[in-house]
S.K.: 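Just dropping this structure here.
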Amino acid sequence: MPDLELKVTAIKELTPSIKLFELVRAVGGELPPFQAGAHIDIRTGNGLIRSYSLANDPTDRDRYVTAVLREPNGGGGSKWMHDELKVGDVVTSSEPLQNFPLNERAPLSILLAGGIGITPIMAMGYRLRAQRLPCHLHYCTKAPEDTAFMDEVKALYGDHLTLHHDGGDPSKGIDLKETFATPPDGAHVYICGPPGLIRAAQEATAHWPQGTVHVELFTSARTEEETAEIAARAGADQAFEIELTHSGETLTVPADKSILDVLLDSGFGVPYACEEGWCGACVIDLVAGKADHRDEVMSDAEKAANTRIQVCISRALPGEKLVLDL
Ligand code: FES
């Protein structure tokens, strides 16, 4: 997929820690279309690639709008966006990518946004309103002054909005168990926010029908125990082979390297961003071979189907050779 050169045309402070960025095509003209829930991967000037959800109306063809939370303890992408990026600068980004699509056939969409997780939910709001689709948004933030897009959210969701301000203590916020106790017939849930909220919401919706709960991650939602387990598994990793259908090449993935590392070292321009298995950027179609799926992007059903693989983190099961559509 070709890269886009995007010019920053506006930066606005939405809250003390969240900034809005408006981006247009640097050479002018229309941008590639996007659907509600989509994101773009921006190359930050400090050498990182970071995924940012698009918040504006998907019918806009001349601009992308995103919002970024400054994370002082993050990897540096958000700090660069906040502190270095200026109006008039040009950044390189992917075309819009979609891991969080809206199911427009659902009779009811329930949306749960925590903090900066409101960005894709904004674009969904435009789409839901345009299609007059039944929905309800639960928007959770610390306090009114920490609530990005407050006026726009109220305008988009109207009476179908519940604001939850917890003052920084999640136990004083939304009661997720009660909110998601009974799945309405055919309803789908969309969850986007910090890892703690996502984990709690996944637990609260664990009894919902398969395929009705959708999650968009901005960072890994793994617990410390899960992260430790992944690290322990990585210590026992073995080398395996991958075969590339288009070139016919066979490459060896050493125990201490990922498939992504090997592909990049061999000159393949594979898209990637987080390199931790949660953003979905590095997905490749899997033609044959059983993979050890370690990502947080695909559902259990998708992992069982074994037709795609996130090459930054997943590997081959012991004794398997993976054939990639590349
Ligand atoms: S680069 Fe993010 S899932 Fe692989």
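These values consider heavy atoms only, across backbone and side chains, with no hydrogens, waters or symmetry-generated copies. Counting starts at 1 for both ligands and their atoms, following the listed order.
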S.K.: How would you list, by chain and number, every residue that makes a salt bridge (Lys or Arg N to Asp or Glu O under 4.0 Å) with Lys172, sequence neighbours excluded?
M.R.: Asp169
S.K.: Take Asp265 and Lys257 through the salt bridge (Lys or Arg N to Asp or Glu O under 4.0 Å) test and state the conclusion after the steps.
M.R.: CA-CA 11 Å; Asp265 288 349; Lys257 286 199 167 195; 2.7 Å; yes
S.K.: Just the protein N/O/S atoms under 2.8 Å from atom 4 (Fe) of ligand 1, please, no waters.
M.R.: Cys282 SG, Cys312 SG
S.K.: Would Asn306 and His293 satisfy side chain to side chain donor-acceptor pair (under 3.5 Å), going step by step from the backbone distance to the final call?
M.R.: CA-CA 8 Å; Asn306 195 53; His293 295 283; 2.8 Å; yes
S.K.: Which pairs would a plain distance check flag for residues 22-29, meaning a side-chain donor or acceptor within less than 3.5 Å of a matching protein atom at least two apart in sequence or in another chain?
M.R.:
from, atom 1, to, atom 2, distance (Å)
Glu22, OE1, Thr9, OG1, 2.6
Glu22, OE2, Arg63, NH1, 2.8
Arg25, NH1, Glu30, O, 2.7

S.K.: Only counting residues at least two apart or in another chain, list the ones meeting salt bridge (Lys or Arg N to Asp or Glu O under 4.0 Å) with Arg315.
M.R.: Asp237
S.K.: State, without any angle test, whether Thr141 and His165 hold a side-chain donor-acceptor pair at a distance under 3.5 Å.
M.R.: yes
